[in-house]
Amino acid sequence: MTIKRMYCLTAAALLSVGLTTLSLAVPSPQQSGEAAPQPASLAPAGDQEKAPPSLQETASAAIGNPFENPFAVFGPSVGEDADVANGQAQAAAPVAYPAGAPMPKTTSPSSWAPTHFEIMGFAQWRNLSSSSGFSSTYCLPSGCVTNIGSFSNNLGLSGFGVGPLFRFTWTPEKKILGATSEIWVDYGSITRTRTRNIAGSLTFLGVTYVIDTTLQAQLKDKNFEIGYAPRWGNDKFRIGPEIVYGHVGVDFTLTNQTSGAPPPINQSLNIPNNLVLLGIDFDYRPVQQFDVYGRSGWVPCCGGGYHVNETEFGAKYYIRRNFSILGGFKYDYLKRDFNVPATTVTTELGSATIGPFSGFIKFPGIGPFIGASVRF
């Protein structure tokens with residue numbers, strides 16, 4: 001009887017526990033209009049209607065897709081350290097790049113930094129135009145005689161002469177009246193030599209070279225220049241005036257190589273002079289690796305007997321920052337009026353004084369050049 005009573009009490013207890021557990025697992029239904037119970041706020045009673053911003057941000061993050069930030073479930077809980085944790089998260093987050101803005105380029109600032117010195121070396125070719133030649137006038141007691149000769153027709157110097165040209169340029173960093181300055185130093189020369197049998201006769205400085213004369217002609221011009229040009233503009237195009245001081249030398253020599261030729265065997269004319277050219281200078285650089293430049297200068301009036309024009313156009317391509325290859329063309333027009341004192345000529349018939357002489361030498365020409373440069 002006692003055992004039977006114990007079984008009944010045990011079954012009643014188990015049944016009571018099962019019903020209680022089932023009732024706790026099933027939530028009681030809520031009306032649609034009933035508001036969900038709000039958690040107790042730790043804020044004072046007067047600010048209960050305003051939720052802390054940190055709590056709102058934390059709640060919105062919890063509603064999002066949990067797979068977007070798998071570490072969100074391990075974030076700090078909302079409590080008294082919520083503001084501190086939120087501040088650390090905001091400081092650690094990267095700043096978003098503005099939409100549509102180009103990404104910054106990470107190029108080395110010294111890869112194409114400006115340079116101020118450049119050394120250039122050229123090989124230049126230049127012809128003699130058909131209008132090149134010379135004229136000499138001398139006077140005798142019987143009257144004056146004028147002779148005109150052609151470098152091309154009489155002496156065969158119409159081909160291209162070749163010679164070197166070296167240039168050093170300096171572009172100071174300091175601007176003057178908003179203009180960048182360019183200073184350069186040039187030295188170049190071209191020598192033309194030709195030996196031929198002249199057709200007909202040729203008279204130069206009172207000496208007549210008759211037919212079948214073997215005559216060697218040499219024409220050499222040397223040019224040393226120092227120039228300055230201030231140029232205004234922007235980083236791509238600059239233009240301005242130029243002033244150039246030049247020392248020009250012209251050597252013209254005729255040598256009679258005919259066997260048994262009467263003296264003088266050698267006749268030479270050297271006419272060095274100092275001159276000043278005024279002109280214009282420009283530089284166009286559409287990109288850092290390519291540079292187009294040009295200059296043109298003239299001798300103004302009263303040039304000491306010289307009539308000169310020098311025009312040059314060229315382009316440089318920089319294979320590297322400090323090295324370039326270049327090419328272009330150059331036009332030179334030079335006419336020199338001269339006066340030579342009288343000379344005494346001795347022949348088999350005796351001595352005679354001839355002169356003084358006056359005349360000119362003129363040799364315009366145009367031709368290409370190629371070269372390379374190093375800048376630093």
Side-chain angles (χ1 to χ4, degrees), residues 122-138 146-166 186-196 198-200 202-205 207 209 215-225 244-256 266-277 279 295-313 328-340 357-369:
F122 305 83
Q124 56 176 345
W125 293 264
R126 198 151 52 247
N127 70 347
L128 283 175
S129 69
S130 58
S131 62
S132 64
F134 54 89
S135 171
S136 64
T137 300
Y138 64 96
T146 299
N147 298 281
I148 298 176
S150 170
F151 288 124
S152 175
N153 298 331
N154 299 119
L155 302 178
L157 293 175
S158 58
F160 278 89
V162 62
L165 175 63
F166 301 98
D186 275 12
Y187 175 77
S189 66
I190 290 182
T191 301
R192 304 172 177 89
T193 303
R194 182 71 181 271
T195 300
R196 64 178 298 181
I198 63 171
L202 175 68
T203 302
F204 178 69
L205 296 182
V207 178
Y209 302 89
L215 190 65
Q216 183 190 69
Q218 184 182 76
L219 177 64
K220 183 176 183 179
D221 63 288
K222 299 168 290 184
N223 192 7
F224 173 79
E225 292 183 353
V244 179
Y245 160 77
H247 180 81
V248 178
V250 179
D251 296 330
F252 180 46
T253 304
L254 290 176
T255 303
N256 193 343
N266 184 284
Q267 286 281 82
S268 63
L269 180 67
N270 180 271
I271 44 176
N273 203 355
N274 300 314
L275 51 90
V276 176
L277 287 79
R295 60 171 60 109
S296 184
W298 301 265
V299 172
C301 66
C302 310
Y306 270 99
H307 311 273
V308 181
N309 171 242
E310 290 186 357
T311 300
E312 178 182 332
F313 291 97
F329 72 91
K330 189 173 183 178
Y331 171 78
D332 271 358
Y333 175 87
L334 191 150
K335 180 183 177 184
R336 175 64 163 99
D337 300 323
F338 64 87
N339 292 283
V340 179
F357 302 93
S358 62
F360 66 84
I361 290 180
K362 179 176 66 174
F363 47 100
I366 188 172
F369 62 83

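Within the model, atoms CZ of Arg336 and NZ of Lys362 stand 15.5 Å from one another, a figure rounded to the nearest 0.5 Å. Annotation: the span from Phe369 atom CZ to Phe313 atom CZ amounts to 10.5 Å, rounded to 0.5 Å. Taking CD of Glu225 as the start and CG of Leu275 as the end, the distance is 8.0 Å to the nearest 0.5 Å. A distance of 9.5 Å separates CG of Leu155 from CG of Leu219, quoted to the nearest 0.5 Å. To the nearest 0.5 Å, atom CG of residue Asn147 and atom OG1 of residue Thr137 are 7.5 Å apart.
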Practice task
Verify side-chain contact (heavy atoms from CB on, under 4.5 Å) between Val244 and Glu310, making sure each step is shown before the conclusion.
Solution key: CA-CA 10 Å; Val244 179; Glu310 290 186 357; 5.6 Å; no
Exercise for the section: For the pair Ser152 and Ser150, evaluate side-chain hydrogen bond (donor to acceptor under 3.5 Å, both in side chains) and give the outcome as yes or no after the intermediate values. Expected result: CA-CA 5 Å; Ser152 175; Ser150 170; 4.8 Å; no
Problem - From CA spacing to verdict: side-chain contact (heavy atoms from CB on, under 4.5 Å), Phe363, Val250 - result: CA-CA 10 Å; Phe363 47 100; Val250 179; 3.8 Å; yes
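Taking all atoms of both residues into account, the shortest heavy-atom contact from Leu165 to Lys330 is CD2-NZ, 4.2 Å. Between Ser132 and Ser129, the closest heavy-atom pair is OG-O, 2.8 Å. In terms of heavy-atom proximity, Asn309 sits nearest to Gly297 at ND2-O, 3.0 Å.
Annotation: ring pair (Phe, Tyr, Trp, His ring centres under 6.0 Å) contacts of Phe134 (sequence neighbours excluded): Phe151, Phe204, Phe252. For Phe160, the side-chain contact (heavy atoms from CB on, under 4.5 Å) partners at least two apart in sequence or on another chain are Trp125, Asn127, Pro368. Among residues two or more places apart in sequence or in another chain, the side-chain contact (heavy atoms from CB on, under 4.5 Å) test is passed with Thr255 by Gln216, Thr253, Gln257, Ile265, Asn266. For Tyr245, the side chain to side chain donor-acceptor pair (under 3.5 Å) partners at least two apart in sequence or on another chain are Asn274. Scanning for ring pair (Phe, Tyr, Trp, His ring centres under 6.0 Å) contacts around Tyr333 gives an empty result, with sequence neighbours left out.
Taking the side chain as every heavy atom from C-beta outward, Leu334 and Val248 approach each other to under 4.5 Å.
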Using residues 186-195 as the side-chain source, report each donor-acceptor pair under 3.5 Å to any protein atom, sequence neighbours left out, with the distance given to one decimal.
{"from": "Asp186", "atom 1": "OD1", "to": "Arg167", "atom 2": "NE", "distance (Å)": "2.7"}
{"from": "Asp186", "atom 1": "OD2", "to": "Arg167", "atom 2": "NE", "distance (Å)": "3.1"}
{"from": "Asp186", "atom 1": "OD2", "to": "Arg167", "atom 2": "NH2", "distance (Å)": "2.8"}
{"from": "Arg192", "atom 1": "NH2", "to": "Arg126", "atom 2": "O", "distance (Å)": "3.3"}
{"from": "Thr193", "atom 1": "OG1", "to": "Gln218", "atom 2": "NE2", "distance (Å)": "3.4"}
{"from": "Arg194", "atom 1": "NH1", "to": "Gly156", "atom 2": "O", "distance (Å)": "2.9"}

